[in-house]
Amino acid sequence: MAGKIPVAVVSGFLGSGKTTLLNRYLREQAGDASSTMVLINEIGAAGLDHRRVRRLGDRVAVLESGCQCCAVQGELVDALRELFLQALRKAIPPFSRLIIETTGIADPAPVRYTLQYERFLHERYAYAGCLVVVDAMHGARHLRERREAVQQAVLADALFLSKTDLAGEGDADALKSTLAGLNPAAPLYSSSGGQALAGMFDPAGAAERRRSGRAGSGLRFGAGFAARKREGAGEELGVLALEWRSPQSRAATTKALEAAMAYAGADMLRVKGSFRFSGAAGRWAVHGVHRVLYPIAPEAAAVGGNLVDDGGCALALIYRRVAAGADEALAEILRRHLPGVVA
Ligand SMILES: Nc1nc2c(ncn2[C@@H]2O[C@H](COP(=O)(O)OP(=O)(O)OP(=O)(O)O)[C@@H](O)[C@H]2O)c(=O)[nH]1
């Protein structure tokens with residue numbers, strides 16, 4: 001297995017169509033799919049079976065965990081280590097891509113973090129992003145009623161709308177615009193789900209996701225920020241999105257983001273950026289959730305190298321607008337630390 005193995009997370013509400021999408025990917029990718037390993041994370045079955053990783057054939061394994069946080073912190077580490085070693089020992093065929101299918105994961109950042117900072121895993125795997133499946137029939141209701149569905153949509157790197165054949169066109173369009181409002185930076189696919197998933201492993205696809213995210217967001221800081229209200233629910237989400245072309249000071253960026261996250265605290269749902277820094281080559285991925293700013297890492301590593309660099313930089317903050325004036329306060333924090341970016 002040459003190079004790091006890219007790992008994509010497929011998440012989405014119960015019954016949203018994750019397994020169907022995976023099967024489609026495995027069929028469509030034919031040759032390529034033969035080198036994909038799928039790890040299904042089942043929550044709630046731990047304790048019944050001490051063998052945590054159960055194999056369902058050469059290409060699919062099931063990890064049974066007590067809960068998602070345990071899975072991320074310990075059991076997932078063990079499972080990924082075990083799969084790698086099994087392939088090395090030729091107990092299973094070698095694999096060059098890994099997909100983790102999981103129900104109910106609201107925040108993929110700990111998976112990214114685990115792959116970056118657990119030494120064994122870091123040397124062997126690289127996080128490639130999270131694709132969230134949204135059910136075109138029931139997705140609108142999930143978004144209205146279930147906070148974790150909103151969080152999934154907000155934190156996705158890409159979104160796939162399933163069951164469009166079952167939903168009315170008007171309903172699907174309304175859901176698409178709700179999703180675009182919640183996560184302007186994530187491309188939304190409603191057909192060719194297999195390709196959407198394959199794109200998670202494609203470095204050019206990552207650049208395209210960044211580009212389409214910026215183009216699709218319609219948000220420019222110069223023109224003011226956009227704060228969006230989620231339809232049909234009491235909770236308001238703010239989205240602050242910026243793009244620029246000049247490299248930034250890494251120290252100033254870190255200070256700006258730490259200050260913004262300290263201000264919003266648990267209401268900061270996501271900080272996500274793609275930066276170039278003065279005096280440093282390459283592009284840098286910036287990720288944070290709530291008060292935690294994850295260590296800034298080269299972006300190429302996240303997609304296994306050969307990143308297509310279009311030269312632009314982008315930053316998005318997604319937060320709950322709990323306090324009046326939160327939008328202005330965050331804008332002011334960024335303006336103070338990053339005067340070159342924020343007018
Ligand atoms: N008509 C139609 N049915 C679909 C589509 N996608 C999924 N389904 C059906 O929806 C049901 C649930 O799909 P799954 O793929 O099992 O959903 P899942 O997200 O893996 O489910 P859990 O793992 O239980 O969370 C199945 O009966 C699928 O056949 C679609 O695009 N069109």
Side-chain angles (χ1 to χ4, degrees), residues 7-29 33 36-46 48-49 52-57 59-72 75-76 79 97-108 111 129-176 178-179 182-183 186-200:
V7 178
V9 173
V10 174
S11 186
F13 220 74
L14 210 57
S16 55
K18 300 178 289 297
T19 308
T20 307
L21 170 68
L22 272 169
N23 285 335
R24 202 176 298 160
Y25 161 83
L26 293 171
R27 270 199 314 274
E28 283 173 12
Q29 293 298 300
T36 301
M37 171 61 76
V38 176
L39 179 64
I40 299 173
N41 188 193
E42 280 184 355
I43 311 293
L48 302 177
D49 182 351
R52 291 235 169 91
V53 179
R54 190 158 47 86
R55 290 239 316 280
L56 296 180
R59 288 286 148 216
V60 181
V62 176
L63 166 65
E64 295 170 342
S65 345
C67 67
Q68 192 61 52
C69 58
C70 304
V72 168
E75 295 163 9
L76 183 61
R97 297 169 167 191
L98 183 92
I99 298 174
I100 303 176
E101 186 210 313
T102 179
T103 291
I105 182 172
D107 178 5
V111 176
C130 178
L131 178 71
V132 169
V133 181
V134 180
D135 180 330
M137 279 190 84
H138 303 114
R141 183 161 53 83
H142 293 155
L143 289 173
R144 270 197 307 276
E145 295 174 2
R146 303 297 291 261
R147 175 171 279 211
E148 67 269 29
V150 175
Q151 203 148 338
Q152 280 175 349
V154 162
L155 300 182
D157 295 299
L159 293 155
F160 175 66
L161 201 58
S162 66
K163 309 188 194 177
T164 44
D165 55 317
L166 299 178
E169 212 173 296
D171 291 344
D173 286 346
L175 182 55
K176 279 184 196 170
T178 303
L179 291 168
L182 283 173
N183 189 344
L188 174 61
Y189 302 93
S190 52
S191 58
S192 327
Q195 282 173 24
L197 189 43
M200 303 299 287

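Atoms within a ligand are numbered from 1 in the order they appear, just like the ligands themselves. When reading the values below, keep in mind they use all heavy atoms of this one structure, side chains included, and skip hydrogens, waters and symmetry mates.
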Using side-chain heavy atoms (C-beta onward) and a distance below 4.5 Å, is Leu39 in contact with Leu76? yes
Identify, by atom number and element, the atoms of ligand 1 in contact range of Glu101, meaning under 4.0 Å from any of its heavy atoms. 20 (O), 23 (O)
Could you check whether any side-chain N or O of Ser162 sits under 3.5 Å from a backbone N or O of Val133, counting only pairs where one atom can act as donor and the other as acceptor? no
Consider every N or O of Leu166 and every N or O of ligand 1, then say whether any pair is closer than 3.5 Å. no
For atom 29 (O) of ligand 1, which candidate among Thr102, Thr20, Thr164 holds the nearest heavy atom? Thr20
N or O contact, Gly15 vs ligand 1, cut-off under 3.5 Å: yes
Close-contact set for ligand 1 against Asp165 heavy atoms, below 4.0 Å: 1 (N), 2 (C), 30 (C), 31 (O), 32 (N)
Sorted by chain and number, sequence neighbours left out, side chain to side chain contact (heavy atoms under 4.5 Å, CB included) with Ala149 holds for Phe13, His142, Leu143, Arg146
Please list, chain by chain and in numerical order, all residues satisfying side chain to side chain contact (heavy atoms under 4.5 Å, CB included) with Thr19, sequence neighbours excluded. Asn23, Glu101
Hey, are the side chains of Leu131 and Leu21 touching, using non-hydrogen atoms and a 4.5 Å cut-off? yes
Quick check: Thr19 and ligand 1, any N/O pair under 3.5 Å apart? yes
Please state which part of Val133 comes within less than 4.0 Å of ligand 1, counting heavy atoms only: side chain, backbone, both or neither. neither
Does Lys18 reach the main-chain N or O of Val10 with its side chain, forming a donor-acceptor pair under 3.5 Å? no
